[in-house]
Protein chains: 2
Amino acid sequence: MIVIGELINGMYKDVGKAIVNKEADVIQHLAVDQVKAGATVLDVNTGPYSKNQKDDMKWLIETIQGVVQVPLALDSTKADVIEEGLKLVTKRAIINSTNADDAKMQTIFTLAKKYNTQVIGLAMDKSGVPNSKDKRLELAATIVAKAIEFDIATDDLFLDPIVLPVNVAQTQGTEVLESIREFRLLCDPSPNTTIGLSNVSQGTKFRSLVNRTFLAMAIANGLTSAILDPLDKELMDAMITAELILNKAIYCDSFLEAYRKK
Amino acid sequence: MIVIGELINGMYKDVGKAIVNKEADVIQHLAVDQVKAGATVLDVNTGPYSKNQKDDMKWLIETIQGVVQVPLALDSTKADVIEEGLKLVTKRAIINSTNADDAKMQTIFTLAKKYNTQVIGLAMDKSGVPNSKDKRLELAATIVAKAIEFDIATDDLFLDPIVLPVNVAQTQGTEVLESIREFRLLCDPSPNTTIGLSNVSQGTKFRSLVNRTFLAMAIANGLTSAILDPLDKELMDAMITAELILNKAIYCDSFLEAYRKK
């Protein structure tokens with residue numbers, strides 16, 4: 001499982017403040033803690049309070065790379081902000097994200113090719129998030145086709161069916177879970193799949209419970225990656241156990257500890 | 001989800017002792033507690049210490065029915081013990097179980113027809129538990145075919161792919177999960193599916209975690225019933241949440257409480 005730590009995101013108040021005030025220690029603690037907890041990639045998003053996203057992205061990357069050496073997922077709606085970041089990364093990056101709009105894909109896959117990155121592809125377009133599995137599959141197939149046009153390996157894609165909050169879009173849980181299963185069959189080699197996990201529990205009362213239950217269900221459907229909070233220990237326990245059940249790690253009595261020591 | 005409470009089983013020491021000594025209060029507490037916790041069916045198994053299984057089965061059923069009115073799953077390898085029980089049940093029962101052996105099916109489906117019961121069908125035969133999804137599917141199909149021969153409605157079947165402990169049969173997790181998905185497609189109306197959940201964590205260190213993670217994964221694959229310990233609150237929380245995600249219950253902020261009040 002590719003675990004993309006979600007916590008370095010300026011939309012969280014403390015992180016937003018740390019970015020504005022250039023408090024390196026706040027960011028570096030988050031980087032180290034997430035990696036220690038099992039994140040294999042760190043998402044980097046300057047967030048809505050940033051006055052200069054390019055500079056803030058550069059500062060974040062340098063600050064993070066000062067303490068951990070893991071791939072970064074550069075998370076911005078602006079291609080020029082992402083490109084500034086791509087010039088600095090020391091490990092192969094993930095662009096977060098393109099959608100299925102042609103102009104957007106053109107821009108993002110051009111960058112991906114130029115900087116040899118992986119790409120998160122959101123199964124949505126100008127008309128928004130689809131409300132069916134079939135529409136999600138159609139948009140995912142559009143992204144795969146464009147990636148192939150750019151000669152990008154299909155397993156360098158992370159297809160994201162777009163998780164919606166269970167409290168407002170309850171019919172979408174099944175659609176998303178089945179999409180994950182079907183995305184894997186779109187091409188060979190299979191694309192990776194990812195989800196912005198925390199979204200499923202937005203506004204609900206038992207967030208961690210909803211998150212970890214959904215994650216186990218998604219892993220049962222073939223999910224290979226998720227953007228999540230690796231500091232949620234119970235969530236990580238569920239993830240480690242789900243992967244154990246699918247025989248992705250060899251059983252030992254202390255399998256939780258063994259995973260974390262890896 | 002049809003929750004079959006597993007605790008009234010003489011293989012548990014305290015229960016075995018209660019059966020031998022006819023301690024009705026022990027059994028009745030277990031019956032009431034399991035139903036309060038969300039069990040919709042109670043499994044009844046006299047266990048290995050029973051000296052007279054027929055009498056003990058009768059005593060258990062009368063004792064349980066003295067305090068709760070729920071369907072019972074009569075759990076014995078002996079058809080005559082099951083038949084003694086079937087004469088006494090006040091709600092439509094489940095026979096636990098037949099396998100795919102022809103003689104066994106003949107006996108069990110004859111009883112099922114005579115007493116109008118539902119039946120748990122284990123995807124195994126004389127040669128034991130299969131080690132592949134395809135073999136499980138073949139045996140499940142054999143059971144479905146025989147049920148149809150007996151004019152038993154296919155949704156009165158509970159097909160069980162046989163869960164094995166993750167610590168000794170790690171490759172079987174995926175086979176079982178995929179079997180659950182495929183069993184549902186065997187006939188119309190779809191058969192129910194069930195698992196003896198606790199078996200997956202047998203001998204492991206984190207039993208509840210393994211159980212609840214496996215259960216969420218199985219529900220994602222279409223599981224409609226499980227034999228489990230309803231007194232494990234975290235397990236039930238995971239089950240309720242998984243069903244919520246699949247839109248089987250309407251979301252409300254207090255969805256855990258709402259389920260339990262039902």
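By convention in this document, chain letters (A, B, ...) are assigned in the order of the sequence lines, proteins followed by strands, and residues within each chain are numbered from 1.
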[X], part contacting chain A, at a heavy-atom distance under 4.5 Å:
X      : answer
B:A169 : neither
B:D253 : both
B:Q172 : neither

Between the side chain of [X] and the main-chain N/O of [Y], is any donor-acceptor distance below 3.5 Å?
X      : Y      : answer
B:D125 : B:D101 : no
B:R212 : B:M236 : no
A:N99  : A:L122 : no
B:T154 : B:P191 : no
B:Q34  : B:L7   : yes

*Residues of residues 127-140 of chain A near chain B, each having a heavy atom less than 4.5 Å away*: none
May I ask you to name which of [options] has the most heavy-atom pairs under 4.5 Å with chain B?
options                : result
A:G173, A:A238, A:A216 : A:A216
A:V166, A:I245, A:V176 : A:I245
A:A242, A:C252, A:G203 : A:A242
A:Q170, A:K205, A:M239 : A:Q170

_Engaged part of A:E234 at the chain B interface, taking heavy atoms whose separation is under 4.5 Å_ = side chain
*Are the side chains of A:N211 and A:D229 in touch, meaning some heavy atoms are under 4.5 Å apart?*
no
*For chain A, which of B:L215, B:V200, B:V210, B:L177 has the most heavy-atom pairs under 4.5 Å?*
B:V210
*Taking 4.0 angstrom as the limit, do B:R181 and A:E178 come out as a salt bridge?*
yes
*Salt bridge or not for A:D237 and A:R260, using N-O below 4.0 Å?*
yes
*Between the side chains of A:T204 and A:N167, does any donor sit under 3.5 Å from an acceptor?*
no
_Nearest-0.5 Å distance, CG of residue B:L231 to CG of residue B:L30_ = 7.5 Å
